Amino acid sequence: MSFTFVKKLPIPAEIKKMFPVSEQAAAIKAKRDEEIRAVFTGASKKFLVIIGPCSADNEESVMDYVHRLAKVQEKVSDRLIIIPRIYTNKPRTTGEGYKGMVHQPDPEKKPDMLAGLIAIRKLHLRVIEETGLTSADEMLYPENYWYLADILSYVAIGARSVEDQHHRMTTSGMDMPAGMKNPTSGDFSVMLNSVVAAQASHDFIYRGWEVNTTGNPLAHVILRGATNKHGNSIPNYHYEDLIRLLHMYDQRELANPAVIIDANHSNSSKQYEEQVRIVKEVLTNRTLNPRLKELVKGVMVESYLEPGCQKIGTGTHIYGKSITDPCLGWEESEQLIYDIYDMI
């Protein structure tokens, strides 16, 4: 038999009962959700900055980072909404490497999914309770979404997941904004088809149940660049790319047309310092066309306490430095947020 069943994991309701959302945290989330929703519906002109580590690998350094973000949010709240990017499950191109806190609460130790499910819920709860912010995470596993459904304010569907039917249908049952990334091929039609599916109602199997969904009108796209057949990165954040996306949106009857620009990944060829330039170009392009200003709702930036990245398992560990893709350091990140504020 090719499967070894290690342990029966608690269902989401059991984990939620162990680590419930307080009334205060629920009120904070409800207010934040309404503010973020208003950006996507066009009721608010505020700009979203989804920013944080490539992977949330350590609870204390992530919380250190988010506490710093919360102080910046206070200064820019009249124009910007900062959403901490706290990705606790990571897709891996080859299936190898660190798969996120849900697999390994301690990257230096063996995987433990039960401890991981508890760790990621506790981390997202700490963010709300200690900073008043609410976070974004990636939905790598549709079955795991329900463990966090009551505490997230934004969900991203990755480039390798966006063509999967189960991801699309699960997204259709969410009550929060969900960004559908373009696939690694860069095909805009595939990306927009995923939004069509996510905004529609469905009947399907989820966690052993037959479920019905009503559709998610806040599903939208994320441009993260592409890779051609030679393995070269193809950016898709330029003015011409945004105009093309706008025209393709016009051809479909979709609610709340919107795009978030991911400044890293194939848009920067993983040259993390380029994120600053890319974000500023996107903001400049928004000013050139009033419809683009309406379409581009925010940016996504990979950032941590220390710039660059490091390997795990070397015996040394630099606090607050990414163990997956390289990230901007805190000083550059803080300045970038103030620059965004000035350019909006």
Side-chain angles (χ1 to χ4, degrees), residues 12 15-16 20-22 25-44 46-52 56 66 69 73 80-89 102 120-121 123-129 131-158 161-162 164 166-181 191 194-202 206-207 211-222 254-260 262 297-300:
I15 297 288
K16 290 177 180 177
V21 179
S22 67
I28 291 171
K29 182 181 179 322
K31 184 175 183 292
R32 285 264 299 177
D33 285 354
E34 184 55 39
E35 291 174 347
I36 295 167
R37 171 184 286 272
V39 174
F40 285 99
T41 63
S44 168
K46 290 185 179 182
F47 194 73
L48 301 177
V49 181
I50 305 169
I51 186 168
V66 179
L69 276 186
Q73 174 67 92
L80 306 181
I81 298 175
I82 298 175
I83 304 176
R85 173 195 155 102
I86 302 178
Y87 281 21
T88 58
N89 41 151
V102 72
I120 65 174
R121 185 164 177 86
L123 175 56
H124 284 295
L125 279 173
R126 279 190 69 186
V127 168
I128 303 174
E129 292 167 352
T131 72
L133 300 180
T134 50
S135 48
D137 205 340
E138 180 169 350
M139 187 178 73
L140 181 59
Y141 308 115
E143 297 86 354
N144 290 352
Y145 162 70
W146 213 247
Y147 289 99
L148 301 175
D150 57 335
I151 48 180
L152 297 178
S153 281
Y154 186 92
V155 170
I157 310 301
S161 303
V162 74
D164 176 64
H166 203 205
H167 281 81
R168 292 175 171 187
M169 291 190 295
T170 302
T171 303
S172 74
M174 295 179 181
D175 61 355
M176 69 186 75
M180 318 297 281
K181 288 196 173 186
M191 174 180 64
S194 73
V195 177
V196 172
Q199 290 196 2
S201 59
H202 296 284
Y206 185 73
R207 299 190 62 89
V211 298
N212 302 118
T213 60
T214 57
N216 182 354
L218 301 181
H220 58 279
V221 303
I222 300 174
L254 288 166
N256 307 310
V259 61
I260 301 293
D262 179 347
K297 303 293 188 182
V299 291
M300 186 176 287

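Nothing fancy with the numbering, it's 1 onward along the sequence. Only a predicted model underlies this, so the values are computations on that prediction, with no experimental measurement involved.
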Given Val66 and Ile86, is the side chain to side chain contact (heavy atoms under 4.5 Å, CB included) satisfied, shown in steps? CA-CA 9 Å; Val66 179; Ile86 302 178; 4.0 Å; yes

Provide the closest heavy-atom pair for [X] versus [Y] in the form atom of the first, atom of the second, distance.
X	Y	answer
Phe40	Ile260	CZ-CD1, 4.3 Å
Ile82	Pro84	O-CD, 3.8 Å
Ile50	Ala136	CG2-CB, 4.1 Å
Ser172	Ala197	CB-O, 4.0 Å
Lys297	Ala258	CG-CB, 3.5 Å
Gln199	Pro217	NE2-O, 3.5 Å

Between Tyr206 and Trp146, what is the ring plane arrangement, given parallel below 30°, perpendicular above 60°, and tilted in between? perpendicular

Would you say that Leu133 contacts Ile28 through its side chain, given a criterion of any heavy-atom pair below 4.5 Å between the two side chains?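 No, too far: nothing below the 4.5 Å cut-off.
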
Compare all side-chain heavy atoms of Thr131 with those of Leu69 and state whether any distance is below 4.5 angstrom. no

What's the separation between atom [atom1] in [X] and atom [atom2] in [Y], rounded to the nearest 0.5 Å?
X	Y	atom1	atom2	answer
His166	His202	NE2	NE2	11.5 Å
Ile128	Leu123	CD1	CG	10.5 Å
Leu48	Leu80	CG	CG	9.0 Å
Asp262	Lys181	CG	NZ	4.0 Å
Arg121	Leu148	CZ	CG	7.0 Å
Leu152	Asp175	CG	CG	10.5 Å

With side chain to side chain contact (heavy atoms under 4.5 Å, CB included) as the test, would you mind laying out the steps for Thr88 and Tyr147 before giving the verdict? CA-CA 12 Å; Thr88 58; Tyr147 289 99; over 6 Å; no

Residues which pass ring-ring contact (aromatic ring centres under 6.0 Å, His included) with Tyr145, listed by chain and number, not counting sequence neighbours: none

Check: Asn216/Thr171 side-chain N/O donor and acceptor closer than 3.5 Å: no

Tell me the side chain to side chain donor-acceptor pair (under 3.5 Å) pairs involving residues 26-38, sequence neighbours left out? Lys29-Asp33, Lys31-Glu35, Arg32-Thr134, Asp33-Ser153

Donor-acceptor contact present, side-chain [X] to main-chain [Y], <3.5 Å:
X	Y	answer
His167	Ser194	no
Arg168	Val195	no
His220	Pro257	no

What verdict does the side chain to side chain contact (heavy atoms under 4.5 Å, CB included) test give for Val196 and Leu254, after you've listed the backbone C-alpha separation in whole Å, the side-chain angles of each residue and the deciding distance to 0.1 Å? CA-CA 7 Å; Val196 172; Leu254 288 166; 3.8 Å; yes

Between Ser161 and Leu140, does a side chain to side chain contact (heavy atoms under 4.5 Å, CB included) hold up when you go through it step by step? CA-CA 7 Å; Ser161 303; Leu140 181 59; 4.3 Å; yes

Just to verify, which of Ile222, Val155, Ile157 counts as forming a side-chain contact (heavy atoms from CB on, under 4.5 Å) with Met180?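 Among the candidates, only Ile157 passes.
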
